[in-house]
Colleague: 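This is the structure, below, for whatever I ask next.
Numbers restart at 1 for each chain; the letters A, B, ... are given by sequence-line order, proteins then strands. Computed from a predicted structure; not experimentally measured. Below, all heavy atoms of this structure are taken into account, side chains as well, without hydrogens, waters or symmetry copies.
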There are 2 protein chains.
Amino acid sequence: MLRMATFCEEIQHLKAAGLRPTRQRLSLARLLFAEGDRHVTAEDLYQEARGAGIQVSLATIYNTLHQFTAAGLLREVPVDTGQSYFDTNTTHHHHFFEPEQGVVIDIPGEAVELNELPTPPAGYDIDRVEVIVRLRRAARP
Amino acid sequence: MLRMATFCEEIQHLKAAGLRPTRQRLSLARLLFAEGDRHVTAEDLYQEARGAGIQVSLATIYNTLHQFTAAGLLREVPVDTGQSYFDTNTTHHHHFFEPEQGVVIDIPGEAVELNELPTPPAGYDIDRVEVIVRLRRAARP
DNA sequence: GTGTTTGCAAAGTGTTTGCAATTTA
DNA sequence: TAAATTGCAAACACTTTGCAAACAC
């Protein structure tokens, strides 16, 4: 989604999310959303931004990732490495996770279906269901 | 499982796992396994141990939780709060997670079934599938 | 006795925060 | 110009580590 976004489209993207299109947010949005679905950590994005000559601080990376997530432009993936992973794909889908490299790969929503959802405890609703398929290196065949 | 474990049973439990039954490990094992299924963070267990008058350091709590996990006595639950959660139930099951309180609740393995598993990327096998059902407070009825 | 385990304090990692300077509308 | 945003550095929370003393076998 948002492949080939132009500058103006990205501005609309942010404004629609209620975020001022500042230089940093625009630059980061273009890195994140220009190239299709991605999974990044704060550090990944920081390195990528600096590599691209974008002047931005790590604190702003964190702020921006959380603001984008709150605005529904990103989703956080619950992997239990120390770091937070953010996913540019906010549609219904799940994840493979390879712990050694820390690689996250999308699984299309249709590829995993639950037969029935468990009844939540009284007083609670189901917010969403996350399926993480943990991978390990295949045994020699 | 391991309800009502006696001292000697706990020693066997550790020895079977290849761990020397030291005073600290025994005390922690009894806290963890005497009372049925539990979900604890390192800090939880540390406070509980100190409250019970068990002399143990936080570093040892961390060591022990990881050793127990490596030995298959515990499982880590992939929730993305900053902390690590350890589960004394190592059988096939899944979890509810309530982010505001940080509460983890077991879902029996049979209550959630996947219709089919996605094919892992080449060179990888599926290690295990984790289903986290995120809860939010119910809207006023 | 020998190798393992423990505890402490220090270091490490990832993330958040306070606040002055800057930018946006 | 008023309000929002940024960057820096310091603070933070959680976890790991190095090493000497204590312990298990």
Colleague: I want to verify a distance call: between C:dT6, C:dT24, D:dT15, whose nearest atom is closest to the B:Q83 side chain?
Modeller: D:dT15
Colleague: If I take atom CG in residue B:L26 and atom C1' in nucleotide D:dC23, what distance separates them, rounded to the nearest angstrom?
Modeller: 13 Å
Colleague: Within residues 57-70 of chain A, which residues have any heavy atom lying less than 4.0 Å from an atom of DNA chain D?
Modeller: A:S57, A:A59, A:T60
Colleague: Using whole Å, what does the distance between atom C1' of nucleotide C:dT15 and atom CG of A:D44 come to?
Modeller: 15 Å
Colleague: Rounding to a whole Å, what distance do you find between A:R23:CZ and D:dT6:P?
Modeller: 9 Å
Colleague: Could you state the atom-to-atom distance from CD1 of B:I11 to C1' of D:dC25 in whole Å?
Modeller: 13 Å
Colleague: Could you tell me whether the side chain of A:Y62 reaches within less than 4.5 Å of the side chain of A:S84, counting heavy atoms only?
Modeller: no
Colleague: Nearest whole Å is fine: how far is C:dT6 C1' from B:L19 CG?
Modeller: 14 Å
Colleague: Which of these nucleotides, C:dG7, D:dT6, D:dA24, is closest to any side-chain atom of A:Q24?
Modeller: D:dT6
Colleague: Starting at CD of A:Q55 and ending at P of D:dT6, how long is that distance when rounded to a whole Å?
Modeller: 12 Å
Colleague: Tell me what A:T41 touches on the nucleic acid: a base, only sugar-phosphate, or nothing, going by heavy atoms under 4.0 Å.
Modeller: nothing
Colleague: For a stem of at least 3 consecutive Watson-Crick or G-U pairs with distances under 3.5 Å, i pairing with j, i+1 with j-1 and so on, which stems involve DNA chain D?
Modeller: C:1-25 with D:1-25
Colleague: Quick one: A:R20 CZ to C:dT22 P, roughly how many Å, whole number?
Modeller: 17 Å
